Participant: 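Encoded as structure tokens, here's the structure I'll be asking about.
By convention in this document, chain letters (A, B, ...) are assigned in the order of the sequence lines, proteins followed by strands, and residues within each chain are numbered from 1. Hydrogens, waters and symmetry mates play no part in the numbers below; they use all other heavy atoms, side chains included. Quantities reported herein were computed from a predicted structural model and do not represent experimental measurements.
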Number of protein chains: 2
Amino acid sequence: MSDSVPDIVIGRLPLYLRALARLEQDGVPITSSHELGAQLGISSAQIRKDLSHFGEFGKQGTGYQVPYLREQLARILCVDRDWTVAVIGAGHLGRALAGYKGFGPRGFHVDVIFDNDPDIIGTQIGGLVVKPGESMVEELRARRIEIAMIAVPAAAAQSVTDRVVAGGVRAILNYAPIRLVVPDYVHVQDIDPVIHLQHMTYYLRT
Amino acid sequence: MSDSVPDIVIGRLPLYLRALARLEQDGVPITSSHELGAQLGISSAQIRKDLSHFGEFGKQGTGYQVPYLREQLARILCVDRDWTVAVIGAGHLGRALAGYKGFGPRGFHVDVIFDNDPDIIGTQIGGLVVKPGESMVEELRARRIEIAMIAVPAAAAQSVTDRVVAGGVRAILNYAPIRLVVPDYVHVQDIDPVIHLQHMTYYLRT
DNA sequence: TAGATTGTTAATCGATTAACAATC
DNA sequence: TAGATTGTTAATCGATTAACAATC
């Protein structure tokens, strides 16, 4: 039932959760692996297989209770609680992240934002006062923050990373276009829009 | 040598390209599949296998000429030219995208930005005047834009998608947290930070 | 030459899919 | 009951890795 679930399976669970949240919002009480699969472009067999790593959540002949399965997935992903996150870098991107409306409803709250620019430190962004980079380690520790979003230029990203790790962060969403070096226990996910664009331009040759 | 290269291989090429651009900037003239692999956390065998889909780019005993391999990958990915892109939505995120310094050096140029809010239409963002959504189809056609970045709320994303497709767009970078429905010939890549965060929170249970 | 690294083949590994008994 | 859908096993498919001849 669970001796280390493949990471590729874990990576699909948030997609299932997102689809279920939407179904629940639409007032759909019950769904099936076929319906979910059609919505996500994934085979029904794969959805059932993925879920089977964690237990049995459906009923033969009927399908899945939407709220129940959503709850269970949230529990499995550890998002049946709220998380506070830090934003590092208060440029365009950092500001967009600090002001993004999509985090709160899904359980993530930007609690603090840092920058090094004296002209930016002390200014307000979406209700938060920008703090100086020097205070990062102590602030992160004091707030027990475990998740950071890094939105600084590539040249600064590794040194910033070292400091958020020193501050106790164990998960990093990295927007800088470089590969970060971190201890084994720290998780990193990268978002580089150019990587995605270049993936698509391959197919744009006519 | 090439009867339809797996998409998973195509997805890695931009990472190779990024690493090579960095090596070139650092003045490194020659590299090897081992060095590249170490830098990317990928096996050297995989890099050689991936490249072999497109031809022979190295020399036994020596490795790869960095500038040459970079050029070849750029050509394969069709980024040996510049691309103009449109940003749809001039909220926090749209503004961050329009102002992002990381696009230009890698061959992508935001040429136009749209919004529906009368208070925002006509204002300037990074040298661009925000255009009204109604003009989207004709503007995209007039500019022959083939790539759009969608940065509107989930509720508006599908209708906006229908219009960029009507405007001739063939590749969409979608920041809205929903699955877009598009014709077969249109490519979509999704960026939803919450999906990445939830992927990591799974591992944050202690 | 001796050492290194490519490109490629074959072996391995793991993920996806098909199929179906169980059962609601 | 008849129809539907789950959870799971076995088969298939595809991707990764190991190994090595070729050769710089």
Participant: Judged by atom type as modelled, is there a donor-acceptor pair below 3.5 Å linking the side chain of A:Thr201 to the main-chain atoms of B:Leu77?
Facilitator: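 Here the side-chain-to-backbone pair exists.
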Participant: Using atom CG of B:Asp50 as one end and atom C1' of D:dT17 as the other, report the distance to the nearest whole Å.
Facilitator: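 After rounding, the reported distance stands at 12 Å.
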Participant: For a side chain to side chain contact (heavy atoms under 4.5 Å, CB included) with B:Ile88, tell me which candidate from B:Val160, B:Val112, B:Ile113, B:Leu97 qualifies.
Facilitator: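 One option only clears the test, and that one is B:Val160.
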Participant: Stems in DNA chain C: runs of 3 or more consecutive Watson-Crick or G-U pairs, distances under 3.5 Å?
Facilitator: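 Stems for DNA chain C, defined as runs of 3 or more consecutive pairs: C:3-24 with D:3-24.
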Participant: Rounded to the nearest Å, what distance is computed from the CD atom of residue A:Glu35 to the P atom of nucleotide D:dA4?
Facilitator: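 Distance check: A:Glu35 CD to D:dA4 P gives 15 Å.
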Participant: Go along nucleotides 7-15 of chain D 5' to 3' and tag each nucleotide: B for a protein heavy atom under 4.0 Å from its base, S when only backbone or sugar atoms are that close, - otherwise.
Facilitator: BBB-----S
Participant: Any ion pair linking A:Arg75 and A:Asp80 (charged N to carboxylate O, less than 4.0 Å)?
Facilitator: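 The answer is no: the pair does not qualify as a salt bridge.
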Participant: Are the side chain of A:Arg163 and the backbone N or O of A:Gln158 linked by a donor-acceptor pair below 3.5 Å?
Facilitator: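 Answer holds: no.
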Participant: Suppose we screen for ring pair (Phe, Tyr, Trp, His ring centres under 6.0 Å). Which residues come up paired with A:His199, at least two apart in sequence or across chains?
Facilitator: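 Applying ring pair (Phe, Tyr, Trp, His ring centres under 6.0 Å) to A:His199 gives none.
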Participant: Have a look at A:Leu140 and tell me which of A:Asp111, A:Val169, A:Val165 forms a side chain to side chain contact (heavy atoms under 4.5 Å, CB included) with it.
Facilitator: A:Val169
Participant: Sequence neighbours left out, what passes side chain to side chain donor-acceptor pair (under 3.5 Å) with A:Asp115? Give chain and number order.
Facilitator: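 For A:Asp115 there are no side chain to side chain donor-acceptor pair (under 3.5 Å) partners, ignoring immediate neighbours.
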Participant: Can any side-chain N or O of B:Arg95 pair as donor or acceptor with the backbone N or O of B:Ala90 at less than 3.5 Å?
Facilitator: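 At least one qualifying donor-acceptor pair exists.
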Participant: Specify the separation, in whole Å, of atom CD of A:Gln65 and atom P of C:dC24.
Facilitator: 14 Å
Participant: Donor-acceptor pair, A:Trp83 side chain versus A:Cys78 backbone, under 3.5 Å?
Facilitator: yes
Participant: Starting at atom NE2 of B:His34, determine the distance to atom C1' of D:dA18, rounded to an integer number of angstrom.
Facilitator: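 Taking atom C1' of D:dA18 as the reference, NE2 of B:His34 is at 11 Å.
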Participant: Return no unless some side-chain N or O of B:Thr62 is found under 4.0 Å from OP1 or OP2 of D:dC24.
Facilitator: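 So the side chain of B:Thr62 is outside the cut-off, no N or O lying under 4.0 Å from OP1 or OP2 of D:dC24.
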Participant: Determine whether a donor-acceptor pair (N or O, by modelled atom type, separation under 3.5 Å) exists between the side chain of B:Arg205 and the backbone of A:Ile76.
Facilitator: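 The answer is yes, because a donor-acceptor pair under 3.5 Å joins these two groups.
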Participant: Heavy-atom contacts under 4.0 Å between residues 18-33 of chain A and DNA chain D, which residues?
Facilitator: A:Ser32, A:Ser33
Participant: What side-chain donor-acceptor pairs closer than 3.5 Å can you find for residues 171-179 of chain A, not counting sequence neighbours?
Facilitator:
{"from": "A:Asn174", "atom 1": "OD1", "to": "A:Ala176", "atom 2": "N", "distance (Å)": "2.9"}
{"from": "A:Asn174", "atom 1": "ND2", "to": "A:Ala176", "atom 2": "O", "distance (Å)": "3.0"}
{"from": "A:Asn174", "atom 1": "ND2", "to": "A:Ile178", "atom 2": "O", "distance (Å)": "3.0"}
{"from": "A:Asn174", "atom 1": "ND2", "to": "A:Asp190", "atom 2": "OD1", "distance (Å)": "2.8"}
{"from": "A:Arg179", "atom 1": "NE", "to": "B:Gln39", "atom 2": "O", "distance (Å)": "3.2"}
{"from": "A:Arg179", "atom 1": "NH1", "to": "B:Leu40", "atom 2": "O", "distance (Å)": "3.3"}

